[in-house]
**Q** 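I'd like to ask some things about the structure below.
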Amino acid sequence: MAILLLTFLMVWFVLSARAIRELEIQPTHLTLRSDSCGFLKIKGITTTPIEPGNWCSVVVPFRGNVISGGGVIKLGDRQIRVADDQVIEVGPIVDQTWTAEQTRSAIWAGISTLLVLAIMVWMWIV
């Protein structure tokens, strides 16, 4: 019984961590320096130029780094890392719906949580 519970706890931990990581990626308004603007244009991302210092503005799915500045732009399967010195301003866009991947991650985390709770109750009763 204990092995079954430990197995489900490990699965729950992995699925929950993945869901949390997915839910951190939100559409974000970024203001970037010219080097990053040029790089994003090469990658096919539409940017809006801003005059003071050849900066640009872009709205992309973004997850900021926890410890330092900067972060990761996620475009489907690709990830573009943005250094701290390239980011001028980060502004979240509110009231956005979840992507299909975020919804799927949250559903799997919920299912695994229910299974772990059911096993714990079952072990307590038996």
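Bear in mind the structure is a predicted one, so any value in this text is a computation, not a measurement.
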**Q** Where do A19 and A106 come nearest, in terms of heavy atoms and distance?
**A** CB-N, 4.3 Å
**Q** Indicate the atoms forming the closest heavy-atom contact of P61 with L75, along with that distance.
**A** CD-CD2, 4.4 Å
**Q** Enter the distance from I45:CD1 to I73:CD1 here, rounded to the nearest 0.5 Å.
**A** 5.5 Å
**Q** Can you get from W12 to I111 by hopping between Ile, Leu, Val, Met, Phe, Trp and Tyr side chains that sit under 4.5 Å apart?
**A** yes
**Q** Are L23 and W98 packed together at the side-chain level, in the sense that at least one heavy-atom pair is separated by less than 4.5 angstrom?
**A** yes
**Q** Which is it for I50 and I88 under the side-chain contact (heavy atoms from CB on, under 4.5 Å) test, yes or no, and what are the steps along the way?
**A** CA-CA 12 Å; I50 299 174; I88 297 169; over 6 Å; no
**Q** If hydrophobic clusters are built by linking Ile, Leu, Val, Met, Phe, Trp and Tyr wherever their side-chain heavy atoms come under 4.5 Å apart, do L40 and V60 end up in the same one?
**A** yes
**Q** What distance separates W108 CH2 from L15 CG, expressed to the nearest 0.5 Å?
**A** 8.0 Å
**Q** Measuring from S112:OG to L9:CG, what's the distance to the nearest 0.5 Å?
**A** 10.0 Å
**Q** Hey, what do you get for CZ (R104) to CD (E22), rounding to the nearest 0.5 Å?
**A** 8.5 Å
**Q** Looking at N54 and S34, what are the two nearest heavy atoms and their distance?
**A** O-CB, 3.2 Å
**Q** Once you round to the nearest 0.5 Å, how far does NZ of K74 lie from CD of Q26?
**A** 12.0 Å
**Q** Please indicate whether R81 has more than 12 foreign heavy atoms, meaning atoms of other residues, nucleotides or ligands, lying under 6.0 Å from its CZ.
**A** no
**Q** Applying a strict under-4.5 Å side-chain criterion to I, L, V, M, F, W and Y, I'd like to know whether F13 and M120 cluster together.
**A** yes
**Q** Kindly indicate whether the side chain of V11, heavy atoms from C-beta on, has any atom under 4.5 Å from the side chain of L115.
**A** no
**Q** Please tell me if the side chains of T28 and V59 come closer than 4.5 Å, counting only heavy atoms from C-beta onward.
**A** no
**Q** Same hydrophobic cluster for V58 and V72, using side-chain heavy-atom links shorter than 4.5 Å among ILVMFWY?
**A** no
**Q** Hydrophobic clusters here meaning ILVMFWY residues chained together by side-chain heavy-atom distances under 4.5 Å, can you tell me if F39 and V82 are in one?
**A** yes
**Q** What distance separates D85 CG from R33 CZ, expressed to the nearest 0.5 Å?
**A** 7.0 Å
